[in-house]
Colleague: 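Before anything else, here's the structure in question.
Small disclaimer: the values here were computed from a predicted structure and weren't measured.
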There are 2 protein chains.
Amino acid sequence: MASSTGTPKVTSVVDLPSSDAKWVKLQKATYVDAKGKERIWEIASRKTTGSAGVDAVAMGNIIYHPSKPPSTIVVIQFRPPVGGFTVEWPAGLIDADEKPEEAAVRELYEETGYKGKVISTSPPVAADPGMTSANLCLCMVEIHLNEGDPEPEQHLDEGEDIQRVNIPIAELYDRLEEFAKEGYVIAAKLYHWAAGAQYAIDHPELFARLGKKGQ
Amino acid sequence: MASSTGTPKVTSVVDLPSSDAKWVKLQKATYVDAKGKERIWEIASRKTTGSAGVDAVAMGNIIYHPSKPPSTIVVIQFRPPVGGFTVEWPAGLIDADEKPEEAAVRELYEETGYKGKVISTSPPVAADPGMTSANLCLCMVEIHLNEGDPEPEQHLDEGEDIQRVNIPIAELYDRLEEFAKEGYVIAAKLYHWAAGAQYAIDHPELFARLGKKGQ
């Protein structure tokens, strides 16, 4: 997705000592395994983890509209770590004095312009626990629109360039597959949520609960 | 989850220069944004990414049994990056000469003892694209058991200590929430899949497709 002025690109990648980094660091953990043997593990961590111990929040969101199918808003942005444009749910780092729910409402407003209501918050879950200590909460957010509501303005930080795409929730999985074929990089968490939902829709018999809810 | 001989624990964490690391590295990317402005981004990457460009594979799995509810097997292991025990789907790094589907069958066999059949493979998805280049494919795997099949043996590498837990798929989301309350760290990808499936089960009306499949 090129902007009006140009397509972002990575021009150089060089090694970075942890001491020179502001956001991330590389560490070596020494640990004792279940048999009492001392081992080592290499870890990439965030330097910005606040006192609450949760790095980030992602906003799974459902948009309700009187005359349009229920949908979700995803964001597309250039992500230097993958050298391309990603498709993700809106997300952001939690400020030091914020609760995950507060960060969710704030970041959703900044990245999309929408004001949402948090209906559930996950426990802190590990982004990639074989490699990093980074973690996040998934906040599910509902956005209720009225007929004729204009598309709201984003409130991006300087340097942020985030495109919004509204996708009917029933088409989310198929649309992510299409985005991937077009060269976009799908974020694993969004992909897994969409794949789980699609799996449940395609295989409802697997999810029937015996003895519950009268089934 | 303590083993028979002791509970693993991290005993020290020290900074690690990229040059001394075997598995991960820290990098500084210089990139040009859409407005032509030069910016920097800090990246944690794997050193082990093979020529195919995909680091890892995760095995979403469904176990079919003649007289038991359809279930999925998750693995619990001590993960030094989070300093605790995680609940994840079986997963592993893809060897240099492997296809994701081959790695999926191999790693599932090693970690769980089960022989599965890959029924779908995701595009490469980004583990945490704001921080790392690490990526993976989600392979959905089916395991078909016969009545009376014994629980198979694991084939773990030296130093691996991985517990298997079989969970009815209809209870997966609730069980993950319970594991979290007990102090286990849930991997984000598994959590998102389970949350997506549960959301679709709880809100089937959101996923109805107008004009498709006769609906």
Colleague: Between chain B and each of L172(A), V82(A), V24(A), count heavy-atom pairs under 4.5 Å; write down the option with the most.
Modeller: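 Among L172(A), V82(A), V24(A), the one with the most close pairs to chain B is V24(A).
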Colleague: Between CZ of R79(A) and CG of D128(B), what distance do you get to the nearest 0.5 Å?
Modeller: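 It comes to 8.0 Å.
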Colleague: Is there a side-chain contact (heavy atoms from CB on, under 4.5 Å) between L190(A) and H192(B)? Walk through the geometry before answering.
Modeller: CA-CA 7 Å; L190(A) 172 61; H192(B) 277 70; over 6 Å; no
Colleague: Would you say NZ of K47(A) has more than 12 non-hydrogen atoms from neighbouring residues, nucleotides or ligands within 6.0 angstrom?
Modeller: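 Counting other residues, nucleotides and ligands, NZ of K47(A) exceeds 12 neighbours.
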Colleague: Heavy-atom cut-off 4.5 Å, strictly under: side chain, backbone, both or neither for L136(A) against chain B?
Modeller: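 Answer is side chain: those atoms of L136(A) sit under 4.5 Å from chain B.
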Colleague: Using heavy-atom distances under 4.5 Å, tell me whether S45(A) contacts chain B through its side chain, its backbone, both, or neither.
Modeller: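 Answer is backbone: N, CA, C or O of S45(A) sit under 4.5 Å from chain B.
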Colleague: In terms of heavy-atom pairs under 4.5 Å, which option from A29(A), S71(A), G60(A), A44(A) contacts chain B the most?
Modeller: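 Most heavy-atom pairs under 4.5 Å with chain B: A29(A).
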Colleague: Where does W41(B) contact chain A at under 4.5 Å (heavy atoms): side chain, backbone, both or neither?
Modeller: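 Contact with chain A: side chain only.
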Colleague: Let me see the working for Q27(A) and V14(B) under side-chain contact (heavy atoms from CB on, under 4.5 Å), right down to the final yes or no.
Modeller: CA-CA 5 Å; Q27(A) 295 178 305; V14(B) 297; over 6 Å; no
Colleague: How far does CD1 of I201(A) sit from CG of L206(B), to the nearest 0.5 angstrom?
Modeller: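 Between atom CD1 of I201(A) and atom CG of L206(B) there are 9.0 Å.
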Colleague: With only heavy atoms counted, which part of A134(B) is less than 4.5 Å from chain A, the side chain, the backbone, both or neither?
Modeller: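 Only the side chain of A134(B) comes within 4.5 Å of chain A.
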Colleague: What part of Q77(B) gets closer than 4.5 Å to chain A, counting heavy atoms only: side chain, backbone, both or neither?
Modeller: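 Neither part.
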Colleague: Which atoms of I62(B) come close to chain A, meaning under 4.5 Å heavy atom to heavy atom: side chain ones, backbone ones, both, or neither?
Modeller: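 When you check distances to chain A, only side chain atoms of I62(B) fall under 4.5 Å.
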Colleague: Could you report the tightest heavy-atom contact between I43(B) and P80(A), atom names first, then the distance?
Modeller: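 I43(B) and P80(A) have their closest heavy atoms at CD1-O, 3.8 Å.
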Colleague: Heavy-atom pairs under 4.5 Å with chain B: which of P70(A), A200(A), A188(A) has the most?
Modeller: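 Of P70(A), A200(A), A188(A), A188(A) has the most heavy-atom pairs under 4.5 Å with chain B.
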Colleague: Over all heavy atoms of both residues, which pair between A127(B) and K189(A) is shortest? Give the atoms and the distance, please.
Modeller: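 So the minimum-distance heavy-atom pair works out to O-NZ, 3.7 Å.
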Colleague: Flag the pair R39(A) and E160(B) as a salt bridge only when some basic side-chain nitrogen lies within less than 4.0 angstrom of an acidic carboxylate oxygen.
Modeller: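 Salt bridge flag = no for E160(B) with R39(A).
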Colleague: If you tally heavy-atom pairs under 4.5 Å against chain A, which of S18(B), G84(B), A58(B), A194(B) wins?
Modeller: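 Option with the greatest count: S18(B).
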Colleague: Using a distance-only test with no angle check, is there a side-chain donor-acceptor pair under 3.5 angstrom linking T30(B) and S12(A)?
Modeller: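 Indeed, the side chains of T30(B) and S12(A) share at least one donor-acceptor pair under 3.5 Å.
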Colleague: How far does NZ of K37(A) sit from CD of E158(B), to the nearest 0.5 angstrom?
Modeller: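 Those atoms lie 6.0 Å apart.
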Colleague: Between S19(B) and chain A, with a heavy-atom cut-off of 4.5 Å, which part of the residue counts as in contact: side chain, backbone, both or neither?
Modeller: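 When you check distances to chain A, no heavy atom of S19(B) falls under 4.5 Å.
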Colleague: Which heavy atom in T86(B) sits nearest to a heavy atom in P129(A), and how many Å separate them?
Modeller: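 It is CG2-CB, 3.8 Å.
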Colleague: Any idea which heavy atoms bring P8(A) and A34(B) closest together, and the distance?
Modeller: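 In this case the closest contact between P8(A) and A34(B) is CG-N, 3.7 Å.
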Colleague: Please determine whether side-chain contact (heavy atoms from CB on, under 4.5 Å) holds for the pair I169(B) and F207(A), giving the CA-CA distance in whole Å, both sets of side-chain angles, and the decisive distance to 0.1 Å.
Modeller: CA-CA 6 Å; I169(B) 197 81; F207(A) 293 85; 3.8 Å; yes
Colleague: Determine the sole option in Y199(B), Y191(B), Y173(B) for which the ring pair (Phe, Tyr, Trp, His ring centres under 6.0 Å) test with W193(A) is passed.
Modeller: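 It is Y199(B), the one option of Y199(B), Y191(B), Y173(B) that forms the ring pair (Phe, Tyr, Trp, His ring centres under 6.0 Å) with W193(A).
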Colleague: Roughly how far, to the nearest 0.5 Å, is CE of M131(B) from CZ of R46(A)?
Modeller: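 Interatomic distance, R46(A) CZ to M131(B) CE, rounded to 0.5 Å: 5.5 Å.
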Colleague: Any heavy-atom pair between the side chains of P81(A) and T132(B) that's under 4.5 Å?
Modeller: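 Side-chain contact under 4.5 Å: no.
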Colleague: Counting heavy-atom pairs under 4.5 Å to chain A, which of P123(B), G83(B), S120(B) comes out on top?
Modeller: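 The candidate making the most pairs under 4.5 Å is P123(B).
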Colleague: Using a 6.0 Å cut-off, check whether atom NZ of K68(A) has over 12 heavy atoms from anything other than its own residue.
Modeller: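 Not more than 12 within 6.0 Å, no.
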Colleague: Looking at chain A, which one of D15(B), L138(B), V125(B) has the largest number of heavy-atom pairs inside 4.5 Å, strictly under?
Modeller: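 Option with the greatest count: V125(B).
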Colleague: Sort out for me which of G130(B), A91(B), P17(B) touches chain A most, counting heavy-atom pairs under 4.5 Å.
Modeller: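 Max contact count across the listed options: G130(B).
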Colleague: Under the criterion side-chain contact (heavy atoms from CB on, under 4.5 Å), I'd like the reasoning laid out for V32(A) against T11(B): C-alpha separation, chi angles, the key distance, then a yes or no.
Modeller: CA-CA 7 Å; V32(A) 179; T11(B) 53; 3.7 Å; yes
Colleague: Which residue out of P204(B), A180(B), S122(B), P168(B) racks up the most heavy-atom pairs below 4.5 Å with chain A?
Modeller: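 Max contact count across the listed options: S122(B).
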Colleague: Would you compute the distance between atom NZ of K28(B) and atom NZ of K22(A) and round it to the nearest 0.5 angstrom?
Modeller: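 Reported value, rounded in 0.5 Å steps: 13.5 Å.
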Colleague: Taking atom CG of D20(A) and atom CG of L26(B), what is their separation to the nearest 0.5 Å?
Modeller: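 The CG atom of L26(B) is 9.5 Å from CG of D20(A), to the nearest 0.5 Å.
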